[in-house]
Engineer: 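I'd like to ask you about the structure that follows.
Below, chain A is the first sequence line, B the second, and so on; all start at residue 1.
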Protein chains: 2
Amino acid sequence: MKENYDSLKLQNQLCFPLYACAKEVTKRYQPLLNEIDLTYTQYIVMMVLWEQKQINVKHLGEMLFLDSGTLTPLLKKLEVKGYITRTRNEQDERSVIISVTQKGIDLRKKAKDIPEEIGKCVNLTQEEAVTLYKILYKILDKIN
Amino acid sequence: MKENYDSLKLQNQLCFPLYACAKEVTKRYQPLLNEIDLTYTQYIVMMVLWEQKQINVKHLGEMLFLDSGTLTPLLKKLEVKGYITRTRNEQDERSVIISVTQKGIDLRKKAKDIPEEIGKCVNLTQEEAVTLYKILYKILDKIN
DNA sequence: TATAATTATATTGCATACAATTTAATTATA
DNA sequence: TATAATTAAATTGTATGCAATATAATTATA
């Protein structure tokens with residue numbers, strides 16, 4: 001009475017290549033991000049702030065799928081670097097407002113070529129990239 | 001002379017949904033894996049050992065895209081739990097051979113239903129799943 | 001309007017990840 | 001065959017991530 005464990009084989013997993021791919025791609029960012037003194041997670045935070053200028057921690061966490069245990073220390077580091085400020089919302093003292101500084105805004109110019117560099121090393125066709133994008137967001141939309 | 005920073009918008013990134021999706025899906029494993037006292041990374045290590053019974057750290061790292069800085073402490077924890085043993089290769093003392101114990105083998109029965117449970121919460125069509133799988137492995141194959 | 005419930009961050013503890021370095025063993029070569 | 005180069009793990013240091021809990025502020029309700 002032999003059981004079938006095929007579903008537990010590494011090559012039959014969908015999550016594993018997802019996990020590995022995310023790590024490998026993120027790793028490719030690091031040498032580029034080192035030049036502007038950011039980690040990948042710090043970079044996506046700055047991306048949000050380049051668009052919005054200002055956002056509270058809760059909303060930021062919802063956008064990036066990160067909780068306060070990750071964001072609080074990370075934001076303090078960005079504050080030390082001078083890229084953001086953290087101030088309590090005067091209307092609701094529970095909330096902390098993150099604002100980008102001029103130094104943070106200036107960083108965007110230096111980051112400008114990073115997406116293209118990463119695109120090169122990922123090397124998908126335009127069609128594949130669009131398909132991947134759609135499927136990933138389908139998962140993200142359903143999962144929460 | 002306004003510069004165009006569209007490529008730095010969060011919604012134009014391919015890496016971000018990849019990063020977020022990997023995290024969110026992995027998070028869904030945790031309640032299931034808690035019942036058999038494994039983390040996700042420990043789980044994929046056990047997956048390899050359920051197939052191979054024995055493998056050295058270097059080869060394991062290549063399969064899982066993990067380095068010794070991650071694997072060494074993780075494997076020591078699996079050893080403490082009694083799921084694996086770590087022994088030096090007598091032919092080459094630099095190499096450490098990881099072997100699954102009977103207790104480790106028995107764990108597979110308890111893990112059997114996990115892939116299906118995860119499949120439910122990801123909720124892709126069979127075709128989407130296959131497409132995603134292929135694109136992810138295309139990236140992984142090229143990137144290293 | 002006191003008190004309970006909820007909400008937004010912060011903190012703590014644990015488990016990755018990885019770059020960089022170290023150590024020990026093996027292999028290549030002058 | 002000594003010495004240099006290479007290789008495989010282990011170690012160190014830094015940065016996430018997240019569950020669980022704590023704290024403080026706000027809101028709901030008896």
Side-chain angles (χ1 to χ4, degrees), chain A residues 16 19-35 37-46 55-81 86-98 143-144, chain B residues 16 19-35 37-46 55-81 86-98 143-144:
Chain A
F16 171 67
Y19 158 86
C21 215
K23 280 195 305 126
E24 292 305 304
V25 174
T26 301
K27 214 185 293 181
R28 290 302 174 290
Y29 277 90
Q30 218 45 75
L32 306 173
L33 290 174
N34 282 342
E35 296 180 28
D37 191 26
L38 290 180
T39 64
Y40 180 74
T41 317
Q42 290 166 10
Y43 170 64
I44 59 176
V45 167
M46 292 307 299
I55 190 172
N56 69 28
V57 174
K58 179 185 167 60
H59 192 184
L60 185 61
E62 285 168 355
M63 288 187 72
L64 300 180
F65 299 87
L66 293 170
D67 75 0
S68 69
T70 302
L71 284 175
T72 297
L74 184 151
L75 293 168
K76 286 178 179 174
K77 282 172 206 157
L78 286 178
E79 190 179 34
V80 169
K81 292 181 210 260
R86 299 161 65 246
T87 46
R88 289 278 162 185
N89 181 342
E90 286 190 13
Q91 274 68 54
D92 183 343
E93 291 276 346
R94 292 171 305 179
S95 173
V96 170
I97 300 172
I98 306 301
I143 212 165
N144 280 322
Chain B
F16 170 67
Y19 157 85
C21 216
K23 279 194 306 124
E24 292 305 304
V25 174
T26 302
K27 213 186 295 182
R28 290 304 175 287
Y29 276 90
Q30 220 43 73
L32 306 173
L33 290 173
N34 283 341
E35 296 181 27
D37 192 27
L38 291 178
T39 64
Y40 179 73
T41 318
Q42 290 166 9
Y43 171 64
I44 60 175
V45 167
M46 292 308 298
I55 189 171
N56 70 27
V57 175
K58 179 186 165 61
H59 192 186
L60 185 61
E62 286 169 354
M63 289 186 72
L64 300 179
F65 299 87
L66 293 170
D67 73 1
S68 68
T70 303
L71 284 175
T72 297
L74 184 150
L75 292 168
K76 286 179 178 174
K77 281 172 208 158
L78 286 178
E79 190 179 34
V80 169
K81 292 182 211 258
R86 299 161 64 247
T87 46
R88 289 276 162 188
N89 181 343
E90 285 190 13
Q91 274 69 55
D92 183 343
E93 292 275 346
R94 290 171 305 180
S95 173
V96 169
I97 300 172
I98 307 301
I143 212 166
N144 278 324

Engineer: Any side-chain N or O of Y40(A) below 4.0 angstrom from OP1/OP2 of dA15(D)?
Structural biologist: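 No.
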Engineer: Should E24(A) and K27(A) count as an ion pair when the cut-off is N to O under 4.0 Å?
Structural biologist: yes
Engineer: dA25(D), dG17(D), dT16(C): which one has an atom nearest the side-chain heavy atoms of Y19(B)?
Structural biologist: dG17(D)
Engineer: In Å, rounded to the nearest 0.5 Å, how long is the span from SG of C21(B) to OH of Y19(A)?
Structural biologist: 15.5 Å
Engineer: Mind checking E62(B) for me? I need base, sugar-phosphate or nothing, with any heavy atom below 4.0 Å counting as a touch.
Structural biologist: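 The answer is nothing, as E62(B) stays clear of every strand by at least 4.0 Å.
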Engineer: Tell me the closest heavy-atom pair linking V57(A) and L71(A), and the distance in Å.
Structural biologist: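 In terms of heavy atoms, the two residues are closest at O-CD1, 3.9 Å.
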Engineer: Would you say R86(B) places a side-chain N or O within less than 4.0 Å of OP1 or OP2 belonging to dA10(D)?
Structural biologist: yes
Engineer: Distance check: side-chain N/O of K76(A) vs OP1/OP2 of dT11(C), anything under 4.0 Å?
Structural biologist: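 Indeed, a polar side-chain atom of K76(A) lies that close.
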Engineer: Watson-Crick or G-U wobble partner for dT29(D), using a 3.5 Å limit on both distances?
Structural biologist: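 Across all strands, the one nucleotide that pairs with dT29(D) is dA2(C).
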Engineer: Can you tell me if S95(A) touches the phosphate of dT9(C), counting only side-chain N or O atoms and a distance under 4.0 Å to OP1 or OP2?
Structural biologist: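 Yes.
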Engineer: Is any side-chain nitrogen or oxygen of S68(B) closer than 4.0 Å to OP1 or OP2 of dT11(D)?
Structural biologist: no
Engineer: What is the distance, to the nearest angstrom, from the CD1 atom on I44(A) to the C1' atom on dT16(D)?
Structural biologist: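 The answer, rounded to whole Å, is 11 Å.
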Engineer: Please state how far atom CG in N34(A) lies from atom P in dT14(D), giving the value in whole angstrom units.
Structural biologist: 15 Å
Engineer: Over how many whole Å does the gap from K27(B) atom NZ to dT16(D) atom C1' extend?
Structural biologist: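 Atom-to-atom, K27(B) to dT16(D), this comes out as 13 Å.
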Engineer: Checking side chain to side chain contact (heavy atoms under 4.5 Å, CB included) for the pair R86(B)/I97(B): CA distance, chi angles, key distance, verdict?
Structural biologist: CA-CA 6 Å; R86(B) 299 161 64 247; I97(B) 300 172; over 6 Å; no
Engineer: Looking at K58(A), I'd like to know whether one of its side-chain N or O atoms comes within less than 4.0 Å of OP1 or OP2 on dA8(C).
Structural biologist: yes
Engineer: By nearest heavy atom, map N89(B) and L74(B) onto DNA chain C; which one lands nearer the 5' end?
Structural biologist: L74(B)
Engineer: How is D67(A) classified with respect to the nucleic acid when contacts are heavy atoms under 4.0 Å: base, sugar-phosphate, or nothing?
Structural biologist: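 Base contact.
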Engineer: Using 0.5 Å steps for rounding, measure from the OG1 atom of T39(B) to the CG atom of L78(B).
Structural biologist: 7.5 Å
Engineer: Please tell me if R94(B) has a side-chain N or O lying less than 4.0 Å from either OP1 or OP2 of dT22(C).
Structural biologist: no
Engineer: Across the strands shown, which category fits Q42(A) at heavy-atom distances under 4.0 angstrom: base, sugar-phosphate, nothing?
Structural biologist: sugar-phosphate
Engineer: Roughly, in whole Å, what's the span from CG in L75(A) to P in dG17(D)?
Structural biologist: 13 Å
Engineer: Taking 4.0 Å as the cut-off, does a side-chain nitrogen or oxygen of T41(B) come that near to OP1 or OP2 on dA15(C)?
Structural biologist: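 Checking T41(B) against dA15(C): no side-chain N or O falls below 4.0 Å of OP1 or OP2.
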Engineer: For DNA chain C, whose closest nucleotide is more 5', that of G69(B) or that of R88(A)?
Structural biologist: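 Looking at DNA chain C, the more 5' nearest nucleotide goes with R88(A).
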Engineer: Distance check needed: dT16(C) P versus L33(B) CG, whole Å only.
Structural biologist: 11 Å
Engineer: Using whole Å, what does the distance between atom P of nucleotide dA10(D) and atom CG of L71(B) come to?
Structural biologist: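 Atom CG in L71(B) sits about 10 Å away from atom P in dA10(D).
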Engineer: Look at all strands and tell whether T70(B) reaches a base, only sugar-phosphate, or nothing, counting heavy atoms closer than 4.0 Å.
Structural biologist: base
Engineer: Nearest whole angstrom, please: distance from the P of dA24(C) to the CD of Q91(B).
Structural biologist: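 The answer, rounded to whole Å, is 22 Å.
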Engineer: Side chains of M63(B) and I44(B), heavy atoms from C-beta outward: is any pair under 4.5 Å?
Structural biologist: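 When only atoms from C-beta onward are counted, I44(B) and M63(B) do not touch, as no gap falls below 4.5 Å.
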Engineer: According to a strict under-4.0 Å criterion, is T72(B) in side-chain N/O contact with OP1 or OP2 of dA10(D)?
Structural biologist: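 True: T72(B) side-chain N/O within range (under 4.0 Å) of dA10(D) OP1/OP2.
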Engineer: Does K77(B) have a side-chain nitrogen or oxygen under 4.0 Å from the phosphate oxygens OP1 or OP2 of dT16(C)?
Structural biologist: yes
Engineer: Just the rounded figure in Å: distance from P of dT7(C) to CG of N56(A).
Structural biologist: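 In whole Å, dT7(C) P lies 14 Å from N56(A) CG.
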